[in-house]
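Remarks on the structure that follows.
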Number of protein chains: 2
Amino acid sequence: MTELYKGHPKHLLAVDCVIFGYKDEELKLLLYPRSFEPVKGKWSLMGGFVQENESCEEAAARVLYETTGLENIFLEQVSAFSHPEREPQVRVVSVVYYSLIRIQDQDHELVSAHGAKWWPLTRLPELIFDHSNMVRKALGRLQQKAGYSLAGIELLPERFTLLQLRKLYEAIYQREFDAGNFRKKILSLELLHKTSEKNYTESRKGAFYYTVEPGLTEVETERIVKF
Amino acid sequence: MTELYKGHPKHLLAVDCVIFGYKDEELKLLLYPRSFEPVKGKWSLMGGFVQENESCEEAAARVLYETTGLENIFLEQVSAFSHPEREPQVRVVSVVYYSLIRIQDQDHELVSAHGAKWWPLTRLPELIFDHSNMVRKALGRLQQKAGYSLAGIELLPERFTLLQLRKLYEAIYQREFDAGNFRKKILSLELLHKTSEKNYTESRKGAFYYTVEPGLTEVETERIVKF
DNA sequence: ACAAAAGTGTTTAGATTACACCCATGA
DNA sequence: TCATGGGTGTAATCTAAACACTTTTGT
């Protein structure tokens with residue numbers, strides 16, 4: 001039966017990772033400069049080729065690990081990009097993932113060893129090939145995801161204040177939210193756990209730290225939220 | 001520079017099509033029986049291999065054309081499936097699309113030449129490999145899409161009554177909608193054009209036929225609808 | 001005292017939902 | 001005349017959104 005598979009072309013298969021981070025009340029993207037022609041010097045998503053024995057998701061996790069040193073990262077497939085001429089000279093089909101990482105957790109040396117740099121999402125440099133498209137689509141997915149889950153929290157430290165969470169959502173959706181309404185909506189989901197400690201660095205009064213309600217599975221953090 | 005691409009494995013790349021139809025107030029799926037081992041006799045999605053000179057989307061459109069005779073079909077990517085052992089014996093990475101077709105428009109001879117059969121979505125036979133997963137994910141995407149667009153209309157004839165549209169939505173979401181409320185919500189979108197003709201086959205009184213408001217692009221048919 | 005964030009409460013507008021009700025008509 | 005879907009109207013409920021107001025505390 002395997003001869004039915006013969007005669008069909010084989011393709012180079014890559015993954016590209018849209019790596020989101022969050023710092024200074026801004027969404028950031030981890031990019032690295034392409035070091036060879038064509039389009040040498042232009043900025044690029046982190047990518048790599050899918051090996052024989054790994055799935056695309058595993059390849060993306062590997063790329064993430066190799067470039068940031070991080071494991072067990074939130075990772076979600078965006079789409080396959082497969083236009084025959086999406087890269088010049090060589091045909092590569094690329095499966096795009098986006099991931100959410102805590103910038104403060106990254107392996108600095110490893111990241112800088114790749115010449116990588118965190119760019120503010122709103123002021124990106126020119127990207128190679130169809131990578132801008134990939135980013136746009138990934139952001140759309142992130143916005144969608146954040147609308148019915150607390151996945152965005154993967155960008156924040158383990159504990160965070162509601163101000164920090166609101167600023168994160170403002171960065172994700174590129175718009176402002178009313179502080180009082182945001183607080184009530186988020187708390188009404190009953191997915192957050194109020195700790196007994198306060199953060200005093202951002203206000204005189206001090207804001208309680210929250211964590212994700214312990215014991216919640218990913219599915220359980222999903223509620224319809226209309227942001 | 002192309003030697004940078006050397007040494008990386010190449011993969012068989014396939015597309016699988018989740019082909020939705022609608023008939024007798026039910027969502028249907030077009031499946032065909034696998035005619036060779038392994039898992040001979042089990043039912044399968046329509047699939048095909050991606051050629052050198054085509055994108056995955058083009059390959060999916062080609063598969064659709066080859067099996068149903070239809071062109072210019074609504075087609076949307078679901079996801080890439082790439083687990084190394086998702087098919088026994090041979091590693092194939094598959095990009096899944098779902099499509100919405102009007103069953104009455106299909107080329108009957110062509111479809112039956114493949115031994116294909118329309119199955120009610122709620123009573124599917126056992127499917128090969130990970131195809132059940134693909135179907136589940138595709139249905140999720142269709143439900144999502146139908147929630148903010150009128151894409152589902154691709155499953156109905158050019159003109160349709162509001163009863164037919166409601167029954168379609170009930171089939172997509174597997175739940176009932178209040179007739180009056182559904183009517184008001186749909187019409188409030190101002191995306192439908194009321195024709196002057198009536199359908200008398202489903203009610204004594206006769207229900208006006210509607211069409212999609214002419215001149216609307218796909219984007220313009222998108223509104224937030226909470227179904 | 002003031003500013004700035006924390007946190008609570010209120011009011012309004014709009015959407016959702018359930019459901020009543022009349023219309024038209026073939027059997 | 002009855003059943004059935006077509007089509008409209010309304011009242012109760014829920015949610016989103018705007019915004020007022022009080023608390024806390026370092027400067």
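Numbers restart at 1 for each chain; the letters A, B, ... are given by sequence-line order, proteins then strands.
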5′-ward residue of the pair A:Asp178/B:Gln164 relative to DNA chain D: B:Gln164
Answer yes when B:Glu58 and B:Arg62 have at least one side-chain N-carboxylate O distance shorter than 4.0 Å, and no when they do not. no
Calculate the interatomic distance between A:Phe182 atom CZ and D:dA16 atom P; express it in whole Å. 13 Å
Whole-Å gap separating C1' (C:dT16) and CZ (B:Arg175): 11 Å
B:Lys205 (side chain) and C:dT25 (base): donor-acceptor pair under 3.5 Å: no
Expressed as a whole number of angstroms, how long is the span from A:Glu202:CD to D:dG26:C1'? 15 Å
Send over the distance from B:Lys198 NZ to D:dT4 P, rounded to a whole Å. 19 Å
Would you kindly give the CG-to-P distance between B:Asn181 and C:dC19, to the nearest whole Å? 11 Å
Would you mind reading off the distance between A:Arg183 atom CZ and D:dA18 atom P, rounded to a whole angstrom? 18 Å
Where each residue is assigned the nucleotide of DNA chain D containing its nearest heavy atom, which of A:Lys184 and A:Tyr200 is assigned the position nearer the 5′ end? A:Lys184
Ring pair (Phe, Tyr, Trp, His ring centres under 6.0 Å) partner of A:Trp119, the single match among A:Trp43, A:Phe20, A:Tyr32: A:Trp43
Only one of B:Leu168, B:Leu163, B:Thr161 passes side-chain contact (heavy atoms from CB on, under 4.5 Å) with B:Leu165; say which it is. B:Leu168
How many whole angstroms separate atom CD of A:Glu176 from atom P of D:dA17? 14 Å
I want to verify a distance call: between D:dT24, C:dT10, C:dG26, whose nearest atom is closest to the B:Arg204 side chain? C:dG26
Just by distance, with hydrogens left out, do A:Asp16 and A:Ser94 show a side-chain donor and acceptor under 3.5 Å apart? yes
For B:Lys185 and D:dG9, give me the distance from atom NZ to atom P, rounded to whole Å. 19 Å
